[in-house]
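Values in this document were obtained by computation on a predicted structure and should not be read as measured data.
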Amino acid sequence: MKLEPLFDRIVIKEINPETTTASGIILPAAAQEKPQMATVTAVGAGGFVDGKEIKMLLKVGDIVLYPKYAGSEFKLDGETLTVLRQSDVLAKVIKEAK
């Protein structure tokens, strides 16, 4: 199955957090923080939302930062996906060329 977000919503998949520290200590799941970085897997078409035209600035494959408790989580085919509004995204991560 595939999720297709509507209007100004996007679907993101969390980037798994590190399970060990820099010194090699393995962190149990309870000690790990909820990830705040994710990859965009689907983007809505934008359009008019609440009387305002919304242009979608994100695209599939973008890496974004978002608040810990933003959006709604869903399990689909064993994957946990989050649906949130584009305006809930805090920043887009841009990799610098070396």
Novice: Determine, using the 4.5 Å side-chain heavy-atom cutoff (strictly less than), whether Val64 and Val60 are members of one ILVMFWY cluster.
Specialist: yes

Novice: Check whether Leu57 and Val40 end up in the same hydrophobic cluster, where Ile, Leu, Val, Met, Phe, Trp and Tyr are linked by side-chain heavy atoms less than 4.5 Å apart.
Specialist: no

Novice: Can you hop from Leu6 to Leu81 via hydrophobic side chains spaced under 4.5 Å?
Specialist: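 Leu6 and Leu81: separate clusters.
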
Novice: Taking all non-hydrogen atoms of both residues into account, name the closest pair between Tyr66 and Leu90 and its distance.
Specialist: C-CD1, 3.8 Å

Novice: For Asp50, I'd like to know if atom CG has over 12 heavy atoms of other residues, nucleotides or ligands within 6.0 Å.
Specialist: no

Novice: Quick check against the 3.5 Å criterion: does Thr41 have a side-chain atom that pairs as donor or acceptor with the backbone of Val11?
Specialist: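 At least one qualifying donor-acceptor pair exists.
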
Novice: Keeping the roles fixed (side chain from Asp8, backbone from Arg85), state whether a donor-acceptor pair exists under 3.5 Å.
Specialist: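 Flag not set: sc Asp8 to bb Arg85 has no pair under 3.5 Å.
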
Novice: For a quick test of reading the model, state the closest non-hydrogen atom pair linking Ala70 to Leu84 and the distance between them.
Specialist: CB-CD1, 4.4 Å

Novice: I need the Met1 CE to Asp77 CG distance, nearest 0.5 Å.
Specialist: 5.0 Å

Novice: Does any non-hydrogen side-chain atom of Gln86 lie less than 4.5 Å from one of Val43?
Specialist: no

Novice: Would you name the heavy atoms of Phe7 and Phe48 that are closest together and state the gap between them?
Specialist: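 In this case the closest contact between Phe7 and Phe48 is CD2-O, 4.5 Å.
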
Novice: Let me confirm one number: the CG-CD1 distance from Asp62 to Ile12, rounded to the nearest 0.5 Å.
Specialist: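 Interatomic distance, Asp62 CG to Ile12 CD1, rounded to 0.5 Å: 12.0 Å.
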
Novice: Which distance, rounded to the nearest 0.5 Å, do you find between the CG of Leu3 and the CZ of Arg9?
Specialist: 12.5 Å

Novice: I need the minimum non-hydrogen distance between Met56 and Ala45, along with the two atoms involved.
Specialist: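 Heavy-atom minimum between the residues: CG-C, 3.9 Å.
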
Novice: Supply the atom-to-atom distance Lys59 NZ to Lys92 NZ, rounded to the nearest 0.5 angstrom.
Specialist: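 Here the rounded value is 4.0 Å.
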
Novice: To the closest 0.5 Å, what do you measure between NZ (Lys13) and OG1 (Thr82)?
Specialist: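 It comes to 11.5 Å.
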
Novice: Are Ile63 and Met37 side-chain neighbours, meaning at least one heavy-atom pair lies under 4.5 Å?
Specialist: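 Yes, at least one pair of side-chain atoms sits under 4.5 Å.
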
Novice: For the residue pair Phe74 and Val83, establish whether any side-chain heavy-atom pair is separated by less than 4.5 Å.
Specialist: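 Yes, at least one pair of side-chain atoms sits under 4.5 Å.
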
